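I have placed the structure first, in the form of structure tokens, so that the comments after it can refer back to it.
All chains are named by letter (A, B, ...) in the order of the sequence lines, taking the proteins before the strands, and each is independently numbered beginning at 1. Treat the numbers as computed from the prediction; the structure is a model and nothing was measured.
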2 protein chains.
Amino acid sequence: MSKTTIRLTRFELEVMEELWGIGQGSVREVLEALPTRRRPAYTTVQTIVRRLEEKGAVEQVRKIGNAHIYRPRVSRKAAYRRLVDDFLDLFGGSARPLVAHLAESGKLSLEDLRQAEELLVGEPESA
Amino acid sequence: MSKTTIRLTRFELEVMEELWGIGQGSVREVLEALPTRRRPAYTTVQTIVRRLEEKGAVEQVRKIGNAHIYRPRVSRKAAYRRLVDDFLDLFGGSARPLVAHLAESGKLSLEDLRQAEELLVGEPESA
DNA sequence: GTGGCCCTACGACAGCCGTGGTAGCTTTTT
DNA sequence: AAAAAGCTACCACGGCTGTCGTAGGGCCAC
């Protein structure tokens, strides 16, 4: 289990998602990249970015005017790994009951499973 | 998405897990059913059970001595459905990226997928 | 150079959650 | 019946998260 990486909250993840998307950016750029529906106040994003920096999830790379430009320090993959690992703890740490639940509740199609299978075969690295 | 059911926190889920296991029981029984490692104070369990009752996740069915006996009012399945649904929101609401991630990070075996496939075929109800 | 705008730094706050203490009533045990 | 043990009801509290406001400094256009 990769409990090494930083744990991100839901909104921190959304902010990171934008940063991963654009590579790097200012608070304002992140703000404007957020879907209109859930676009909070400027300072809210700012706070999140600050917390991300405290956690080491992002870093300042330079300034444009007096605005900081931030860049992710953790990969999307690592972040999701941590997220999923934490979630799996609720299922005893194993993915199987989770996938079983997904299948039972009709949230998975055969195609989904087949795609997963391909990924598995193509990348037989063990976790 | 089943956002109808009650949302349970991690520890609430653990308590429910014990209640589902024994069918019904007192605070003390739940406490003692919890794995020794993460066994908190009696009153902690009591607080959680009270909150569960406020939420409608459990109900008092009778008293033994002066102790209440509680019974789940939501099924394990419904509870996990809600849990998973909320989690899936982080993946855009779809299970596919999650399963893909699991496959890529080696958390799934082919056997896991095959089992899921069987469940899928056996229960072709759509969500 | 100065007014206006933008950015930063910091503080605040409420809700949720895990955690447990206390007081007082009940049941059981001497 | 008096003491001991158990249970309930309620309160408290600190950490985390989402949310934002304010104060003050910097930059740009005029």
message: Taking 4.0 Å as the cut-off, does a side-chain nitrogen or oxygen of A/Y42 come that near to OP1 or OP2 on D/dG21?
response: no

- request: Starting at atom CD1 of B/I64, determine the distance to atom P of C/dT27, rounded to an integer number of angstrom.
  value: 13 Å

message: Tell me if the side-chain of A/T43 makes a donor-acceptor pair with the base of D/dG21, cut-off 3.5 Å, by modelled atom types.
response: yes

- request: Assess the side chains of B/E29 and B/S26: does a donor N or O sit below 3.5 Å from an acceptor N or O?
  value: yes

query: To the side chain of B/R10, which of C/dG18, D/dT19, C/dG20 is closest?
result: C/dG18

message: Side chain of B/A67, heavy atoms from C-beta onward: which of D/dC7, D/dG18, C/dG18 has the nearest atom to it?
response: D/dC7

- request: Calculate the interatomic distance between B/L83 atom CG and C/dC17 atom P; express it in whole Å.
  value: 12 Å

task: Check every atom of C/dT8, D/dT19, D/dC11 against the side chain of B/R50 and return the nucleotide holding the closest atom.
output: D/dC11

- prompt: Is the distance from OP1 or OP2 of D/dC20 to the nearest side-chain N or O of A/T44 less than 4.0 Å?
  reply: yes

- request: Could you tell me the separation between the CD atom of B/E12 and the P atom of C/dC16, rounded to a whole number of Å?
  value: 11 Å

- prompt: Can you tell me if A/R82 uses its side chain to pair, donor with acceptor, with the backbone of A/K3 under 3.5 Å?
  reply: yes

query: Tell me: CD of A/Q46 to P of C/dT8, nearest whole Å?
result: 6 Å

Side chain B/R51 and base C/dG18 donor-acceptor under 3.5 Å: yes

- request: Starting at atom CG of A/L8, determine the distance to atom C1' of D/dT17, rounded to an integer number of angstrom.
  value: 13 Å

task: Send over the distance from B/R7 CZ to C/dG15 C1', rounded to a whole Å.
output: 13 Å

field: Backbone of A/P40 reached by a side-chain donor or acceptor of A/T44 within 3.5 Å
entry: no

Nearest listed nucleotide, side chain of B/T9, among D/dA9, C/dT27, C/dC17: C/dC17

query: Between B/F87 and A/F87, how do the two ring planes meet: parallel, tilted or perpendicular, split at 30° and 60°?
result: parallel

field: Between C/dG18 (P) and B/L13 (CG): distance, integer Å
entry: 10 Å

field: Which residue lies more 5' along DNA chain D, comparing B/I69 with A/G65 via nearest heavy atoms
entry: B/I69

query: What's the closest nucleotide to the B/I48 side chain, out of D/dC20, C/dG18, D/dT8?
result: C/dG18

Closest to the A/N66 side chain, choosing from C/dT8, D/dG26, D/dC20: D/dG26

query: Rounded to the nearest 0.5 Å, how far does CZ of B/R37 lie from CZ of B/R39?
result: 10.0 Å

query: Between A/R28 and C/dC7, does any side-chain N or O lie under 4.0 Å from OP1 or OP2?
result: yes

query: For B/L34 and C/dG20, what is the distance between atoms CG and C1' respectively, to the nearest whole Å?
result: 15 Å

message: Over all strands shown, is B/T47 touching base, sugar-phosphate only, or nothing at heavy-atom distances under 4.0 angstrom?
response: base

field: side chain to side chain contact (heavy atoms under 4.5 Å, CB included) assessment of B/V15 paired with B/V58
entry: CA-CA 10 Å; B/V15 166; B/V58 305; over 6 Å; no

query: DNA chain D: B/S26 or A/V45, which has the more 5' nearest nucleotide?
result: B/S26

